[in-house]
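Notes for the one structure printed next.
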Amino acid sequence: MNRPLAITALAIAAATSLLAVPAFGSAEAPAARPQKVLVIGIDGALLSKIQAFDTPALKSLISSGSAAKTSLYASPFAPTLSGPGWATNATGVWPDKHKVKSNSWGTGTNLTQYPDFLTRLERARPELSTYAIADWTPLTTNSAGQAIFSDAVQKKVTYDGDALGWAAADARIATEAAAYLKDTGPDASFVYFGDVDIAGHTCGAAGACYRTAIEQTDKHVATLLSAVRARPTYANEDWTIVVTADHGHTEAGGHGGSSVPERSSFIIRNGPGTTPGTPAIAPKNVDIAAIVLSRFGLTVPELDGVVTPPADPFDSLVGSLQSRLDETGVPADVKGWTHSAPSGWTIDNAGLGAGGVREWQGWSFTTDDFWTRAAPDQQRESNVRARGVFAVADSDEWSDKTRSGLFNSKLVSPAYDVTGATNATVSFSSHYLKSGNETATVLAAFDNGTPKPILTYTTDVIAKQERLTVPVPAGARTLKLTWSLTNGDNDWYWAIDNPQIGR
């Protein structure tokens with residue numbers, strides 16, 4: 001398409017944990033019933049516009065299912081373009097793994113190692129039938145053999161939206177996909193519509209043509225859902241419906257940058273396993289592949305996405321986040337930070353200098369929406385492996401208001417029971433930018449002894465999932481962990497999330 005370029009239960013003091021479309025179901029399906037999954041991709045669509053416009057089919061999926069706005073990355077991690085967006089949705093891994101970083105990627109990707117969810121189904125369950133249809137050609141066909149949906153997919157159909165006209169091509173897709181869904185009923189399908197994105201480039205997300213395109217696409221969605229319900233075996237099948245986008249659009253039109261609208265996507269979900277309503281902790285786009293595969297009993301540990309996020313102590317703070325104080329670049333109605341630690345956790349600011357931006361005085365707990373608005377385009381958007389509420393030590397933003405001294409702050413976990421263990425396994429997501437003499441260190445202390453370093457960063461660590469094996473001394477009963485950022489002098493930041501410990 002022509003587009004511009006928890007720590008878990010070991011804790012002693014643990015962190016506490018057109019159409020009115022009928023529902024496709026909300027309870028987990030009995031294993032004996034045939035499972036069917038339909039993923040619908042609407043290029044460049046914004047959830048806020050879907051909710052504001054005349055979209056009865058999509059709104060019915062939302063009202064009987066769930067919907068959540070999701071947030072993407074930005075450059076240099078990857079631009080908010082269709083290639084990275086659809087590769088992320090299809091593969092269940094972030095661009096640093098699948099390596100699709102543009103709309104023209106040739107063969108320099110990891111799509112073979114991290115294939116789309118339909119290909120994974122074909123390889124793991126060859127008795128299942130799969131289907132993909134699209135009018136943005138790189139999704140389903142590519143001269144270099146690197147289509148996002150591989151040739152392993154049982155049936156692929158490609159229309160050229162540029163050649164046919166996008167509205168006409170989308171209409172063909174709706175008609176053909178509806179017939180195939182009704183008559184053949186593939187087990188897992190991906191159906192793509194491209195005209196909304198073209199409208200976004202033509203008149204902007206605030207324009208009349210963008211509204212027209214979304215409302216017409218809603219009619220296409222209604223056509224698909226009617227076909228599904230018209231299947232003679234529909235009453236004996238369990239259908240999961242997922243709707244998503246690859247990126248958003250600015251009000252003036254366009255994407256590829258780091259603004260909130262450009263980084264916006266969404267996940268609408270309806271069917272077995274769906275918890276109705278708006279999730280307190282938003283899902284991530286990488287979760288789509290995990291959701292699809294789980295309906296067929298498949299779990300793929302190498303995916304970045306999950307079906308159900310693990311219990312994360314930081315997410316317990318989601319209801320107590322505050323509005324801005326000093327960060328005037330963040331809208332007043334965005335609640336997204338607190339210094340109040342979860343149960344059992346403590347913040348040690350004994351060495352912290354005076355003054356500075358109040359939101360970042362020592363370790364804070366924040367969200368992507370708040371933190372990235374505070375200082376865009378400084379790789380905060382690359383913190384993709386955090387979700388919900390995460391912990392941040394940000395000496396860079398702290399220094400944006402008069403202060404004295406250095407940034408020295410420690411985040412200390414509860415004590416965890418390691419009685420009888422030989423090793424403790426510590427995992428957490430980590431996103432760190434280093435500058436100057438700033439030092440980021442993880443320390444471990446057994447039985448309230450002296451904390452000793454188990455990890456020190458000497459260079460940038462971008463969106464990494466850490467997993468550390470910590471030997472447990474003979475006879476030790478408890479383990480405390482400390483994340484320490486010291487000697488920060490208008491340097492950068494460290495963000496961590498989802499701390500877990502096992503043995």
Side-chain angles (χ1 to χ4, degrees), residues 1-5 38-47 49-50 53 55 57-58 72 79-90 100 102-105 116 118 131-142 146-149 153 156-178 180-181 189-205 207-224 242-250 253-256 261-262 264-268 285 288:
M1 184 177 282
N2 251 342
R3 296 182 175 85
L5 276 178
L38 169 60
V39 178
I40 302 171
I42 306 177
D43 205 298
L46 290 162
L47 181 61
K49 303 297 185 179
I50 289 172
F53 297 162
T55 54
L58 290 166
L72 301 169
T80 48
L81 297 174
S82 288
W86 290 119
T88 297
N89 291 336
V100 176
S102 71
N103 285 346
S104 300
W105 53 87
D116 63 274
L118 297 180
Y131 173 62
I133 184 169
D135 50 13
W136 187 48
T137 58
L139 281 168
T140 47
T141 183
N142 187 294
Q146 286 284 297
I148 289 174
F149 287 89
V153 177
K156 291 199 300 181
V157 178
T158 304
Y159 288 111
D160 187 335
D162 283 322
L164 293 171
W166 291 92
D170 279 5
R172 286 196 187 188
I173 284 175
T175 299
E176 182 167 334
Y180 196 73
L181 289 168
S189 304
F190 174 74
V191 178
Y192 166 93
F193 298 108
D195 192 44
V196 170
D197 183 65
I198 297 303
H201 288 295
T202 301
C203 66
C209 75
Y210 188 77
R211 176 172 188 150
T212 298
I214 284 184
E215 292 179 351
Q216 183 59 52
T217 301
D218 182 76
K219 294 176 182 178
H220 295 329
V221 171
T223 297
L224 301 181
V242 177
V243 188
T244 191
D246 52 339
H247 53 70
H249 261 283
T250 65
H255 57 87
E262 291 168 282
S264 291
S265 181
F266 62 89
I267 296 175
I268 297 171
N285 286 59
I288 294 169

Next on the checklist: Can a side-chain donor-acceptor contact be found between Thr217 and Asp170 if the only test is distance below 3.5 angstrom?
Outcome noted: no
Next on the checklist: According to side chain to side chain donor-acceptor pair (under 3.5 Å), who are the partners of Thr140, at least two apart in sequence or on a separate chain?
Outcome noted: Thr158
Item to check | Heavy-atom pair of closest approach, residues Ser189 and Leu181 | outcome: OG-CD2, 3.7 Å
Checklist entry - Which heavy-atom pair separates Pro79 from Pro84 by the least distance, and what is that distance? => result O-CG, 3.7 Å
Checklist outcome for this item: Taken to the nearest 0.5 Å, the spacing of Leu72 CG from Thr80 OG1 works out to 7.5 Å
Checklist entry - What residues form a side chain to side chain contact (heavy atoms under 4.5 Å, CB included) with Ala167, not counting sequence neighbours? => result Asp195
Next on the checklist: Using the ring pair (Phe, Tyr, Trp, His ring centres under 6.0 Å) criterion, which residues pair with Tyr180? Sequence neighbours excluded.
Outcome noted: Tyr131
Checklist entry - How many angstroms lie between atom CG of Asp246 and atom CG of Leu139, to the nearest 0.5 angstrom? => result 8.5 Å
Checklist outcome for this item: Taking every heavy atom of Leu46 against every heavy atom of Ala205, the minimum-distance pair comes out as CD1-CB, 3.8 Å
Item to check | Side chain to side chain, Asp116 and Phe190, heavy atoms closer than 4.5 Å | outcome: no
Item to check | Partners meeting side chain to side chain donor-acceptor pair (under 3.5 Å) with Gln216 (sequence neighbours left out) | outcome: none
Checklist entry - Nearest 0.5 Å, what's the CD1-CD1 distance between Ile42 and Ile214? => result 7.5 Å
Checklist entry - Do side-chain atoms of Trp105 reach the backbone of Gln146 as a donor and acceptor pair under 3.5 angstrom? => result yes
Checklist entry - What distance do Leu58 atom CG and Asp218 atom CG have between them, rounded to the nearest 0.5 Å? => result 4.5 Å
Checklist outcome for this item: Between Lys49 and Tyr210 the two heavy atoms that sit nearest each other are CG-CE2, 3.7 Å
Next on the checklist: Students often mix this up, so state it plainly: with edges at 30° and 60°, are the rings of His247 and His255 parallel, tilted or perpendicular?
Outcome noted: parallel
Checklist entry - According to the interplanar angle, ranging from 0 to 90°, do the rings of His220 and Phe193 count as parallel (below 30°), tilted (30 to 60°) or perpendicular (above 60°)? => result parallel
Checklist entry - Looking just at side-chain N and O atoms, do Trp166 and Asp197 make a donor-acceptor pair shorter than 3.5 Å? => result no
Item to check | Qualifying residues under side chain to side chain contact (heavy atoms under 4.5 Å, CB included), relative to Ala178, sequence neighbours excluded | outcome: Thr223, Leu224, Ala227
Checklist entry - With sequence neighbours excluded, what pairs up with Thr250 under the side chain to side chain donor-acceptor pair (under 3.5 Å) test? => result none
Item to check | Verdict with reasoning, Tyr192 to Phe149, per side chain to side chain contact (heavy atoms under 4.5 Å, CB included) | outcome: CA-CA 12 Å; Tyr192 166 93; Phe149 287 89; over 6 Å; no
Next on the checklist: Quick check against the 3.5 Å criterion: does Thr212 have a side-chain atom that pairs as donor or acceptor with the backbone of Ala208?
Outcome noted: yes
Checklist entry - Minimum heavy-atom separation for Asp135 to Ala169, with atom names? => result OD2-CB, 3.2 Å
Next on the checklist: Run the side chain to side chain contact (heavy atoms under 4.5 Å, CB included) test on Ile267 and Thr244 for me, step by step, so that the C-alpha distance in whole Å, both residues' side-chain angles and the decisive distance to 0.1 Å come before the verdict.
Outcome noted: CA-CA 5 Å; Ile267 296 175; Thr244 191; 4.3 Å; yes
Checklist entry - Could you state the interatomic distance from SG (Cys203) to CZ (Arg211), rounded to the nearest 0.5 Å? => result 12.0 Å
Next on the checklist: Tell me every residue that passes side chain to side chain contact (heavy atoms under 4.5 Å, CB included) with Thr202, counting only those two or more places apart in sequence or in another chain.
Outcome noted: Ile198, Cys209
Checklist entry - Just how far is it from atom OG of Ser82 to atom CG of Asp43, taken to the nearest 0.5 Å? => result 3.5 Å
Checklist entry - What closest approach, in Å, do Lys156 and Ala147 show between heavy atoms, and which atom pair accounts for it? => result NZ-CB, 4.2 Å
Item to check | Those residues that, when tested against Ser265, pass side chain to side chain donor-acceptor pair (under 3.5 Å) (two or more places apart) | outcome: Asn285
